[in-house]
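Protein chains get the first letters and strands the later ones, always in sequence-line order, with residue 1 at the start of each. Note that the structure is a prediction, hence the values are computed from the model and not measured.
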Amino acid sequence: MRIGELARRTGVSERALRYYEEQGLLIPQRLPSGYRVYGETDVAVVRRIRILLAAGLNTARIQEILPCIVDEDGWLTPDCPELVDALRQQRNRIDDAIGELETTRANLDTIIGAGRRAS
DNA sequence: GTTCTCACA
DNA sequence: TGTGAGGA
């Protein structure tokens, strides 16, 4: 199928699909015309990419762990330690980010005056 | 009508 | 990532 159909079937914009290719996440075949040709399996691959992206992983990380994922009922099944590891690391990053935000919020409270109404 | 590349008020 | 230009 060409990019238009894949976009419709996945709900992902053509722009995004071309971007995924640029990032090495999807490698469609090419027609002599230059048109991209995707396989049926790419529909599932795009779903995995979306899930991983939503989990906060960058395209580089996704490219590494994409091959060790098994699709099951629209969900992902970690099929090798690298994936579980990447997911754990991402989880830790989120914890760190939350911690920094809490600190920033505390600083703001001090400046504004915690509990007092800001005017 | 569909897709392609490139560039950015 | 969206959008539009200019072409095939």
Taking CD from Glu14(A) and C1' from dT2(B), how many angstroms apart are they, rounded to a whole number?
8 Å
Would you say dT5(B) has OP1 or OP2 under 4.0 Å from some side-chain N or O of Arg15(A)?
no
Integer-rounded Å distance: dC4(B) C1' and Gln29(A) CD:
17 Å
Could you please name the option among dT3(B), dT1(C), dT5(B) that lies closest to any side-chain atom of Tyr20(A)?
dT1(C)
Partner of dA9(B) under the Watson-Crick or G-U wobble criteria, both distances under 3.5 Å, comes out as none
Separation of atom CZ in Arg8(A) from atom C1' in dG1(B), rounded to whole Å
12 Å
dC4(B) phosphate, OP1 or OP2: any side-chain N/O from Arg36(A) under 4.0 angstrom?
yes
In whole Å, what is the span from the CG atom of Asn58(A) to the P atom of dT1(C)?
13 Å
If I take atom CD in residue Glu5(A) and atom P in nucleotide dT3(B), what distance separates them, rounded to the nearest angstrom?
9 Å
What integer distance in Å separates Glu22(A):CD from dT5(B):C1'?
11 Å
If every non-hydrogen atom of Val12(A) is compared with every non-hydrogen atom of Ala16(A), which pair is closest and at what distance?
CG1-CB, 3.5 Å
Is dG1(B) paired to anything, Watson-Crick or G-U wobble with both distances less than 3.5 Å, and if yes, which nucleotide?
none
Identify whether any heavy atom of Ser13(A) sits under 4.0 Å from a base atom; if not, whether one sits that close to sugar-phosphate; answer base, sugar-phosphate or nothing.
sugar-phosphate
Is any side-chain heavy atom of Thr59(A) closer than 4.5 Å to a side-chain heavy atom of Tyr19(A)?
yes
Interatomic distance where CD belongs to Glu21(A) and P belongs to dT3(B) [whole Å]
14 Å
Interatomic distance, Arg30(A) CZ vs dT3(B) C1' [rounded to whole Å]:
10 Å
Does the pair Glu5(A)/Arg2(A) count as a salt bridge with the N-to-O cut at 4.0 Å?
no
NZ/NE/NH1/NH2 to OD/OE distance under 4.0 Å, Arg9(A) and Glu40(A):
yes
Does the distance from a Lys or Arg side-chain N to an Asp or Glu carboxylate O, for Arg18(A) and Glu22(A), drop under 4.0 Å?
no
